[in-house]
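Heads up, the thing below is written out as structure tokens.
Below, all heavy atoms of this structure are taken into account, side chains as well, without hydrogens, waters or symmetry copies. Proteins come first, then strands; the chains are lettered A, B, ... in the order of their sequence lines, and each starts at number 1.
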Protein chains: 2
Amino acid sequence: MRSAEFDREVVLRAAMNAFMEKGYNKTSMQDLKLATGLHPGSIYCAFENKKGLLLASLEQYNLDRSEELKSIFNGQSDALSGLRAYLDSIVSECVSGDPTQSCLSQKAINEIAQTDEQAQAVLSQQCVMWQGFMKEVFSQASQQGVITGPRSPQQRAQSLIVGIYGLRTFSQAQKDPDVISGIANQLLIDVCR
Amino acid sequence: MRSAEFDREVVLRAAMNAFMEKGYNKTSMQDLKLATGLHPGSIYCAFENKKGLLLASLEQYNLDRSEELKSIFNGQSDALSGLRAYLDSIVSECVSGDPTQSCLSQKAINEIAQTDEQAQAVLSQQCVMWQGFMKEVFSQASQQGVITGPRSPQQRAQSLIVGIYGLRTFSQAQKDPDVISGIANQLLIDVCR
DNA sequence: AGCTATCTTGAATAAACATTCAAAATAAAG
DNA sequence: CTTTATTTTGAATGTTTATTCAAGATAGCT
């Protein structure tokens with residue numbers, strides 16, 4: 001017997017970055033070989049093929065971002081402060097212009113969900129999980145009395161997610177940090193109303 | 001001398017559809033040859049290369065969608081009814097699941113704006129034009145007294161555009177028509193508040 | 001230490017790719 | 001009708017692509 005030499009998480013994060021820089025279709029196996037340091041044979045042995053590597057990267061990406069999400073909210077005194085901190089982090093991501101800070105899930109939704117059923121299923125489920133987390137945040141915010149109004153946590157979560165997706169696309173076309181930040185602030189106001 | 005045989009608009013609309021179905025990078029020259037009915041040489045003679053064909057398609061797409069946009073608002077009695085009709089058309093687009101009804105500009109923003117400066121410039125300008133049009137709509141709505149409140153037409157236009165971008169991405173992951181429609185209704189309320 | 005199952009290596013493969021080009025066709029001008 | 005400038009044609013080009021595979025290396029078990 002023999003165990004694999006490479007660290008799966010390290011390899012997947014390297015692949016993630018490669019996919020984020022060029023998108024799935026423009027990222028060649030050559031790019032992935034250079035990014036991960038793995039030879040083609042090893043990639044195929046471990047992940048079956050290029051799409052398998054993407055799907056594995058997507059899972060790892062979701063794990064990493066979920067952790068980050070939780071830690072942002074845990075670092076704040078109440079749910080509303082958490083939302084503010086979270087939107088600040090999204091604005092930073094949008095404004096940085098750094099491809100490796102962009103959202104791999106959103107990139108994949110736009111690039112391949114339409115043509116690949118398997119990716120569509122994974123991405124759809126990730127989106128539902130994100131919704132579930134945000135719904136819980138809005139529930140807590142209501143209980144804490146920091147937000148009021150008739151909208152359900154579910155509705156608020158959906159509007160927030162739509163706003164974040166939109167902000168990320170918009171910021172590719174309009175790079176002015178003040179504009180991005182302004183829209184994000186208004187989004188928070190609307191979603192908490 | 002000799003004039004071109006093909007109808008430029010027809011060819012560009014065929015290319016648009018091909019790009020919308022598979023995305024820019026997955027659409028091969030073979031696909032474009034079949035879609036347009038043009039031989040490789042003719043495509044290269046008329047549009048320089050594959051990217052040139054995309055850029056030309058993007059311009060034509062923007063012309064077509066701008067016309068559609070104007071006609072939706074012209075068909076309504078006031079600006080608020082226009083906004084309602086417009087968002088209805090966006091919801092239809094999202095819910096249809098038909099790739100040829102999706103937004104080529106948004107697909108291109110997500111797929112290639114990050115890596116291609118020329119495409120980025122074209123798409124950025126198109127986004128600014130769209131903003132300008134929507135800003136004018138919100139100005140009219142205020143003048144007509146159908147919406148009130150302190151937000152500027154510019155701010156409203158930006159929030160609406162972000163909401164539409166977001167809705168289109170969200171609808172790739174969550175296909176329930178009632179959910180999409182509900183989010184769109186709330187978006188209209190927030191943007192007119 | 002020796003065995004064996006598994007991983008690593010990287011060259012080889014075949015298909016798909018964007019692009020070119022010279023020959024044939026043809027529309028407009030004279 | 002002839003000329004001329006331009007387009008159309010489609011096979012050829014050379015590159016890049018994802019994927020395979022047999023040979024070599026090595027970790028863990030006995």
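Summarising the geometry, atom CG belonging to Asp31(B) is positioned 9.5 Å from atom CD belonging to Glu21(B); distances are rounded to the nearest 0.5 Å.
The distance from atom OH of Tyr44(B) to atom P of dA18(C) is 7 Å, rounded to the nearest whole Å. Note: CG (Leu34(A)) to P (dA18(D)) measures 12 Å, nearest angstrom. Between the CZ atom of Phe47(A) and the P atom of dC7(C) there is a distance of 12 Å, rounded to whole Å. Rounded to whole angstrom, the span from the CZ atom of Arg2(B) across to the P atom of dA27(C) amounts to 6 Å. The interatomic distance linking Asn25(B) (CG) with dA18(C) (P) rounds to 9 Å, in whole Å. If you take CG of Asn49(A) and C1' of dT20(D), they are 13 Å apart, rounded to a whole angstrom. Atom CD1 of Ile43(A) is separated from atom P of dT19(D) by 11 Å (rounded to the nearest Å). Gln30(B) has its CD atom 16 Å from the P atom of dA12(D), to the nearest Å.
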How far apart are the C-alpha atoms of Lys70(A) and Glu67(A), what are their side-chain angles, what is the distance that settles it, and do they pass the side chain to side chain contact (heavy atoms under 4.5 Å, CB included) test? CA-CA 5 Å; Lys70(A) 281 180 213 156; Glu67(A) 280 309 304; 3.6 Å; yes
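Listed candidates were dT19(C), dT9(D), dT6(D). Nearest to the side chain of Pro40(B) is dT19(C). Taking the side chain of Ser42(B) as heavy atoms from C-beta on, and the options dT7(D), dT9(C), dT9(D), the nearest nucleotide is dT9(D). When the nucleotides dA18(C), dT8(C), dT8(D) are ranked by their closest atom to the side chain of Met29(B), dA18(C) comes out on top.
Hydrophobic clustering (ILVMFWY, side-chain heavy atoms < 4.5 Å, transitive): Ile109(A) and Phe133(A) are in one cluster.
Of the side-chain N and O atoms in Ser28(A), none sit less than 4.0 angstrom from OP1 or OP2 of dT16(D). Taking 4.0 angstrom as the limit, His39(A) places a side-chain polar atom (N or O) nearer than this to OP1 or OP2 of dG10(C).
The residue among Gly41(A) and Gly41(B) whose nearest nucleotide of DNA chain D is located toward the 5' end is Gly41(B). Each of Tyr24(B) and Leu38(A) was assigned the nucleotide of DNA chain C with the nearest heavy atom; the assignment lying further toward the 5' end belongs to Leu38(A).
The pair Arg168(A)-Glu93(A) meets the salt-bridge criterion, since a charged nitrogen lies less than 4.0 angstrom from a carboxylate oxygen.
At a threshold of 4.0 angstrom between heavy atoms, the contacts of Ser3(B) are confined to the sugar-phosphate backbone, with no base atom among them.
A donor atom on one side chain and an acceptor atom on the other are found under 3.5 Å apart for Gln60(B) and Asp64(B).
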